[in-house]
Amino acid sequence: MVEALIGSVISALSTGLGAIPILFMRKVTHRLRDILLAYAAGIMTSASLYSLIPEALGQSNLLVLFIGILAGSIVLLVLEMYIPHIDLENPESRPFNIEGKAFLIIAAITMHNLPEGLSVGVSYASGDDSLGNLIALSIGLQNAPEGFLVALFLVNQNIGRFKALGIATLTGAVEIVTSIIGYSLSSVVDGLVPYGLAFAAGAMMFIVYKELIPESHGDGNQRVATISFILGLITMITLTELF
């Protein structure tokens, strides 16, 4: 439980760490944004396909894997249906006032962080601390650019830099709660861990394909984003083998 708590805290606080540069800069190029998002997509894809799915299969069977992945995808699909997508770089394209846009993006990011925290908790509950550490690291690496983009959006909505940093950090803090919930449920309910691992894989891959990859291929940066995605894959595979 202690390991799960530490891992979830580190993963969640990565959102705030990623937002720290907002204190020193106001603008970020579309190219850099696409590179960061694609790299995060590669990290999460590798964590799902190279760690979560094999571990779920090792503890169960194809049926459990199918149910878990489908459940994770459906949950994220429902969230997407009820939480409108907002282009962080072009917020003017949405018909909300400043306060409304700020609140909506905070709510959206917070809700999308719920299954990520669950992924960390379930991974630690599998009994393999190295898997838990790996998933916490992958989620943390994904949270860093996300935190920066959220803080950038808030600053562009005339919210103070330190306040924007604090809000961005809090959007990741919800992962600590869901991580504890995931760990507790998996520890109490027999046979839940492989379902949880598959659920986490489905949720992460949904985020990758629905959000990160499409967002990273805007503004003609497909080639550099693709290279960044591959580097993200290689990074996580290397970390998996080393640790």
Side-chain angles (χ1 to χ4, degrees), residues 1-24 28 36-37 39-41 43-44 47 52 72 75-76 78-80 82-86 88 99-125 129 131-157 159-187 196 199-200 203-204 206-208 211-212:
M1 181 62 172
V2 175
E3 292 81 1
L5 182 60
I6 294 175
S8 63
V9 168
I10 294 174
S11 174
L13 291 183
S14 297
T15 307
L17 292 176
I20 288 177
I22 201 63
L23 299 176
F24 312 102
V28 59
L36 291 174
L37 290 175
Y39 187 79
I43 291 288
M44 294 181 70
L52 287 173
V75 168
L76 266 293
V78 171
L79 289 178
E80 285 289 329
Y82 288 96
I83 301 176
H85 171 75
I86 291 181
L88 292 175
E99 293 78 9
K101 284 184 293 189
F103 175 79
L104 191 59
I105 191 61
I106 292 168
I109 294 298
T110 300
M111 291 295 292
H112 288 165
N113 282 338
L114 294 178
E116 295 176 5
L118 185 65
S119 304
V120 175
V122 171
S123 298
Y124 278 105
D129 286 344
L131 176 64
N133 293 335
L134 187 67
I135 299 305
L137 176 62
S138 69
I139 296 295
L141 290 175
Q142 184 266 334
N143 282 345
E146 180 181 90
F148 175 74
L149 293 173
V150 171
L152 177 67
F153 171 82
L154 295 175
V155 168
N156 286 336
Q157 297 302 309
I159 292 176
R161 294 173 184 264
F162 284 98
K163 185 176 181 179
L165 173 62
I167 293 174
T169 303
L170 288 176
T171 62
V174 68
E175 294 184 9
I176 300 174
V177 177
T178 54
S179 175
I180 295 174
I181 292 174
Y183 182 90
S184 300
L185 287 176
S186 299
S187 300
F199 178 95
M204 290 174 69
F206 186 95
I207 293 171
V208 167
E211 295 289 338
L212 299 182

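Sequential numbering from 1 along the given sequence is applied to the chain's residues.
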Exercise. How many angstroms lie between atom CG of L165 and atom CG of L17, to the nearest 0.5 angstrom?
Worked result: 9.0 Å
For this session: Drop me the distance from I176's CD1 to L13's CG, to the nearest 0.5 angstrom.
Result: 6.0 Å
Problem set entry | Gap between atom CG of N133 and atom CD1 of I10 - 0.5 Å precision | 8.0 Å
Seminar exercise, completed: The residue among L36, L37, I43 that forms side chain to side chain contact (heavy atoms under 4.5 Å, CB included) with Y39 is I43
Problem set entry | Exercise: identify the closest heavy-atom pair between T15 and A168 | CG2-O, 3.0 Å
Problem set entry | Nearest non-hydrogen partners of F148 and G18, listed with the distance | CB-O, 3.1 Å
Problem set entry | Which atom of S179 lies closest to which atom of V120, heavy atoms considered | OG-CG1, 3.9 Å
Exercise. Hey, what do you get for CZ (F199) to CG (L76), rounding to the nearest 0.5 Å?
Worked result: 7.0 Å
For this session: Please confirm whether the backbone N or O of I181 pairs with a side-chain atom of S184, one donor and one acceptor, at under 3.5 Å?
Result: no
Exercise. Taking atom CG of L185 and atom CD1 of I180, what is their separation to the nearest 0.5 Å?
Worked result: 12.0 Å
Seminar exercise, completed: In short, A164 meets A151 closest at the heavy-atom pair CB-O, 3.8 Å
